[in-house]
Amino acid sequence: MKVVTTIAELNTFRATLPNPVGLVPTMGYLHEGHLSLVRRARTDCASVVVTIFVNPTQFGENEDLDAYPRDLDRDFDLLSAEGVDLVWTPMDEEIYPVGYQTWVTVEELSQILEGHHRPGHFRGVTTVVAKLFNATQSDKAYFGQKDAQQAVVIQRMAHDLNFPLEVIVCPTLREPDGLAMSSRNTYLDPKQREAATVLYRSLTAAVQAFEVGERDAEVLRNRMSEVLSTEPLAQPQYVSVADPDTLEELNGPVERALFSMAVYVGKTRLIDNMIVGD
Ligand code: AMP
């Protein structure tokens, strides 16, 4: 496994990799969720490239950029064991050189749900992902359903900008008690960690209601909120029943829906989602 930092090194090593190349973009501090994407890429592609970059432009001013957990040596060990060919750990100064002023924005999809509560977040995501797509010249790129809106936004960007690349969305990996794996789970103390299972319990309650025939979007949203309200350590920021493709909030009867939420447990902001009717 080769580890490179500069774009010049990346270009040199990329030229030696057999196609198709599968790309797994990450912010590091890897867990089984990330590794599930790597394994899928390893199965599908002749070469696997993983990027580790805590992208400053997707963090808001009061968010956790400085506190974001990092452990590159551990990440390299995990990726090497998965048979990854190339790891690129870009430098901030090369991704955003002095005078940088070019941005990729997916207009409407970036403004709702997560985008509404994290203004500028998806502009940062789509800009960096476009740069990673360009620089690595990948054929396929792997993203997690855990970040459902991110997946929709990136698919839209890839389509709109004619990237010659297939975006593949992989299932959410969960801890045994249902909590979606996330690098941010390390922020939780033991009590908060226990409380954090309420996201899974809330989503599951809505899925179960849907499965026994409940179709009213408002009732399904209320079901999620009800379960969240049983956990005193959890403070919901939003609870949504939306169209899985357009991400528009739904009212009345639904046949397919993305149930999603952002919930603070202490200072940690957790997101999770499930899709029904697909
Ligand atoms: P991050 O390092 O948080 O930016 O995540 C990198 C990629 O891993 C993104 O495509 C995420 O959606 C994906 N990912 C994060 N957590 C999970 C999970 N629990 N299951 C599956 N994919 C995940």
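Note that ligands are numbered from 1 as they come in the structure, with each ligand's atoms numbered from 1 the same way.
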Say whether [X], considering both its backbone and side-chain N or O atoms, lies within less than 3.5 Å of an N or O atom on ligand 1.
| X | result |
| --- | --- |
| L37 | no |
| D147 | yes |
| L173 | yes |

If the cut-off is 4.0 Å to any non-hydrogen atom of [X], which atoms of ligand 1 fall inside it?
| X | result |
| --- | --- |
| T26 | 2 (O), 6 (C) |
| F143 | 10 (O) |
| M181 | 16 (N), 17 (C), 18 (C), 19 (N) |
| G33 | 18 (C), 20 (N), 21 (C), 22 (N) |
| P171 | 20 (N), 21 (C) |

Quick check against the 3.5 Å criterion: does [X] have a side-chain atom that pairs as donor or acceptor with the backbone of [Y]?
| X | Y | result |
| --- | --- | --- |
| W103 | T127 | no |
| N273 | K146 | yes |
| N11 | T136 | no |

(request) Nearest heavy atom to atom 5 (O) of ligand 1 wins, so pick from M27, H31, H34, R40. (result) H34
Indicate yes or no: does [X] engage [Y] in a salt bridge with an N to O separation below 4.0 Å.
| X | Y | result |
| --- | --- | --- |
| E194 | K191 | no |
| R42 | D85 | yes |
| D64 | R269 | no |
| R40 | D44 | yes |

(request) Report the nearest protein non-hydrogen atom to atom 22 (N) of ligand 1: residue, atom name, distance rounded to 0.1 Å. (result) G144 CA, 3.5 Å
(message) Students should be able to answer this: which protein heavy-atom is nearest to atom 23 (C) of ligand 1, and at what distance?
(response) K146 CB, 4.0 Å
(request) Have a look at ligand 1 and work out which part of C170, if any, has a heavy atom under 4.0 Å from it: side chain, backbone, both or neither. (result) neither
(message) Residue-level breakdown please: for P25 versus ligand 1, do any non-hydrogen atoms fall below 4.0 Å on the side chain, on the backbone, on both, or on neither?
(response) backbone
(message) With side chain to side chain donor-acceptor pair (under 3.5 Å) as the test, pick out the partner of S240 among Q149, E248, R221, E249.
(response) E249
(message) Checking E82 now: which residues fulfil salt bridge (charged side-chain N to carboxylate O under 4.0 Å, His left out) with it, not counting sequence neighbours?
(response) R39
